[in-house]
Amino acid sequence: MARNPGTPQLLRRLNDRTALELLLSEGPLTRAELGERTGLSKVTAGQLLSRLEDRGLVEVAGQRAGGRGPHAALYGVVPSSAYVAGLEVLPESITVGVADITGRIVVEVTVDPSDGRDPVRTVRNAVQRACDTAHIGMSQLRAFVIGTRGVVDPRTGDVRFSYDLPTWHVGVLASLRERLGASVTIENDVNLVALAEHRHGAAVGHDDFAVVWAGVGQGLGVMLGGRLHRGITGGAGEIGWLPVPGEPLPVDVSHPQSGSFQRLVGQEALAGLADLYGVAGATAADQVRTATATGNDAYLKEVAGRLAVGVAAIAVVLDPGLIVLSGDLGRAGGPALAERVEQAVAKVCPSQPRVAATAVAGNPVLRGALVAALEQAREQVFSDTV
């Protein structure tokens with residue numbers, strides 16, 4: 001039988017990838033510990049570490065005291081071996097975060113887009129400013145993931161429609177890749193929030209869940225079997241358009257605030273509730289925060305009951321088991337609001353999902369963008385070691 005000459009190289013690549021992932025998740029580790037966890041002999045583990053050291057991916061990160069013999073060297077992934085950028089693009093601001101290959105965020109800056117007519121130049125300038133602040137060269141960035149409020153076509157990666165960002169249209173992605181490289185990805189912002197909750201927040205350990213984004217606009221991120229569900233056109237999750245009893249159906253879908261569920265839980269509707277229940281606050285989030293702090297249970301139950309309409313619709317169709325309440329309202333209401341939504345859903349929904357408040361620290365869209373960018377970068381860097 002002819003021997004496949006590529007097999008040893010493939011095995012080395014697989015072993016290298018496994019070792020690097022272990023060093024990220026459990027490291028730093030000694031050569032012996034790495035061998036135990038991978039099932040490799042000490043000799044093979046040593047050869048692997050030498051190979052990764054030569055490629056600049058692994059370095060000695062310390063020592064571990066043992067018995068009577070010499071201390072064992074601890075190996076870790078070199079943080080500066082690659083960097084990634086995550087962005088949240090809003091009409092009034094662009095926030096850029098840069099993380100090293102270990103996932104540590106080294107800089108986060110927010111800039112005023114000022115002239116939003118040229119999204120490519122605006123994004124590049126924002127990324128350049130972040131790199132300059134962190135003293136990192138643009139060439140060291142291996143992946144860029146951009147989160148927007150728009151509908152992103154999963155087949156092309158282009159923004160199909162964005163009411164808030166009219167200059168983000170078909171063709172912007174190609175232009176961004178020309179300026180920044182082929183590793184630019186655009187993703188819906190709430191989908192990125194779902195990635196952040198899965199990796200860092202309330203959905204850790206759950207591969208089936210949904211994120212309900214409640215704020216100025218309403219959004220939904222769905223993860224099934226550990227994969228984001230985007231829909232054929234990228235329109236999965238536009239929950240603001242959900243028809244609900246008692247609210248008029250839209251007559252013109254070009255007006256984003258005209259969806260039935262949006263009318264039920266949007267800023268204007270909740271402002272009316274706040275007046276009715278005597279809750280102060282400039283925005284709906286401020287009102288929910290005030291009601292939570294002062295124990296205005298009647299107002300919170302009314303808000304929860306309205307949110308429960310959308311949550312129940314998700315549960316009876318998808319039955320994800322877990323719904324994470326995020327967005328401005330989810331953060332403002334925290335566990336108190338989430339608990340009331342869960343109770344309200346249980347009255348109308350037979351599957352009775354658990355409802356949890358968001359647990360992602362910082363900017364959830366940015367955190368999700370960095371999660372996605374790191375997955376891309378590690379696939380590139382860790383798969384090219386031989």
Strictly distance-based, threshold 3.5 Å: is any side-chain N or O of R64 a donor or acceptor partner for the main-chain N or O of L74?
no
Heavy-atom closest pair (A202 atom, A356 atom, distance to 0.1 Å) is CB-CB, 4.2 Å
Could you state the interatomic distance from CZ (F144) to CZ (R179), rounded to the nearest 0.5 Å?
11.5 Å
Tell me, with the steps shown, if V77 and L57 meet side-chain contact (heavy atoms from CB on, under 4.5 Å).
CA-CA 6 Å; V77 173; L57 297 176; 5.7 Å; no
With clusters built from Ile, Leu, Val, Met, Phe, Trp and Tyr whose side-chain heavy atoms come within less than 4.5 Å, directly or transitively, what are the remaining members of the cluster of V253, listed by chain and number?
W241
Exercise: identify the closest heavy-atom pair between Q380 and S183
NE2-CB, 4.0 Å
Would a 4.5 Å heavy-atom cut-off, applied to side chains only, mark P350 and V316 as touching?
yes
Hey, does V107 have a side-chain heavy atom less than 4.5 Å from the side chain of V96?
no
Quick one: pull up OG1 in T148 and CG in D164 and give me the separation to the nearest 0.5 Å.
9.5 Å
Using side-chain contact (heavy atoms from CB on, under 4.5 Å), reason through V184 and L173 one step at a time and then give a plain yes or no.
CA-CA 7 Å; V184 177; L173 178 61; 4.1 Å; yes
Just by modelled atom types, is the A336 backbone N or O under 3.5 Å from a matching donor or acceptor in the R340 side chain?
yes
May I ask you to decide if G150's main-chain N or O and N188's side chain share a donor-acceptor pair within less than 3.5 Å?
yes
Is there side-chain contact between R13 and R17, with at least one heavy-atom pair below 4.5 Å?
no
Is any side-chain heavy atom of N191 closer than 4.5 Å to one of V152?
no
In short, side chain to side chain donor-acceptor pair (under 3.5 Å) pairs touching residues 75-94 with sequence neighbours left out are E88-N363
May I have the step-by-step check of side-chain hydrogen bond (donor to acceptor under 3.5 Å, both in side chains) for T283 and D286, ending in yes or no?
CA-CA 5 Å; T283 66; D286 291 335; 3.2 Å; yes
How many angstroms lie between atom CD of E21 and atom CZ of R37, to the nearest 0.5 angstrom?
15.0 Å
Please test E197 against T358 for side-chain hydrogen bond (donor to acceptor under 3.5 Å, both in side chains), starting from the C-alpha separation and ending with a verdict.
CA-CA 7 Å; E197 294 290 353; T358 178; 2.4 Å; yes
Is the backbone of Q352 close enough, under 3.5 Å, to the side chain of E342 for a donor and an acceptor to pair up by distance?
no
Note: with side-chain heavy atoms under 4.5 Å as the link, the other cluster members for I232 come out as none
State the CG-CG distance between D158 and L176, to the nearest 0.5 angstrom.
9.5 Å
State whether the side chain of T38 and the backbone N or O of A19 hold a donor-acceptor pair below 3.5 Å, judged by distance alone.
no
Interatomic spacing from CD1 in I323 to CZ in R354 - rounded to 0.5 Å:
10.5 Å
Step by step, work out the side-chain contact (heavy atoms from CB on, under 4.5 Å) result for N15 and L40.
CA-CA 9 Å; N15 288 337; L40 300 175; 3.8 Å; yes
Can you name the nearest heavy-atom pair linking P243 to S260, along with the distance?
CA-CB, 3.8 Å
In the hydrophobic clustering (ILVMFWY, side-chain contacts below 4.5 Å, transitive), which residues join V360, or is it alone?
none
Apply the test salt bridge (charged side-chain N to carboxylate O under 4.0 Å, His left out) to residues R129 and D132: give CA-CA distance (whole Å), side-chain angles for both, the deciding distance (0.1 Å), then the verdict.
CA-CA 5 Å; R129 178 172 172 181; D132 291 344; over 6 Å; no
Measure the spacing between CZ of R331 and CG of L329 and express it to the nearest 0.5 Å.
12.0 Å
With distance as the sole test, does R31 use its side chain to make a donor-acceptor pair with the main-chain N or O of G46 at under 3.5 Å?
no
When you compare the side chain of L307 with that of V355, does any pair of heavy atoms fall below 4.5 Å?
no
Smallest separation among heavy atoms of A332 and R289, with atom names:
CB-NH2, 3.8 Å
Any donor and acceptor pair, going by atom type alone, linking the side chain of H198 with main-chain N or O of H206 inside 3.5 Å?
yes
When you measure from the side chain of Q267 to the backbone N and O of A284, does any donor-acceptor pair fall under 3.5 Å?
yes
Any side-chain heavy atom of R142 within less than 4.5 Å of one from Q376?
no
Decide side-chain hydrogen bond (donor to acceptor under 3.5 Å, both in side chains) for T294 and N296; before the verdict, give the C-alpha distance in whole Å, the side-chain angles of both, and the deciding distance to 0.1 Å.
CA-CA 6 Å; T294 59; N296 192 325; 5.2 Å; no
Looking at every heavy atom in both I101 and L24, which two are closest together, and how far apart are they?
O-CD2, 4.0 Å
Please identify each residue that fulfils side chain to side chain contact (heavy atoms under 4.5 Å, CB included) with E59, with sequence neighbours left out.
V78, P79
State, yes or no, whether a side-chain contact exists between R306 and E302 at a heavy-atom distance under 4.5 Å.
yes
Between W168 and V123, does the side-chain contact (heavy atoms from CB on, under 4.5 Å) criterion hold? Intermediate values first, please.
CA-CA 11 Å; W168 285 71; V123 166; 3.7 Å; yes
For L29 and L22, the nearest pair of non-hydrogen atoms, with its separation, is CD1-O, 4.3 Å
Which hydrophobic side chains are connected to V193, either touching it within the sub-4.5 Å cutoff or through other members that do?
V145, V190, L192, L195, F209, V211, W213, M223, L228, L322, V324, V365, V371
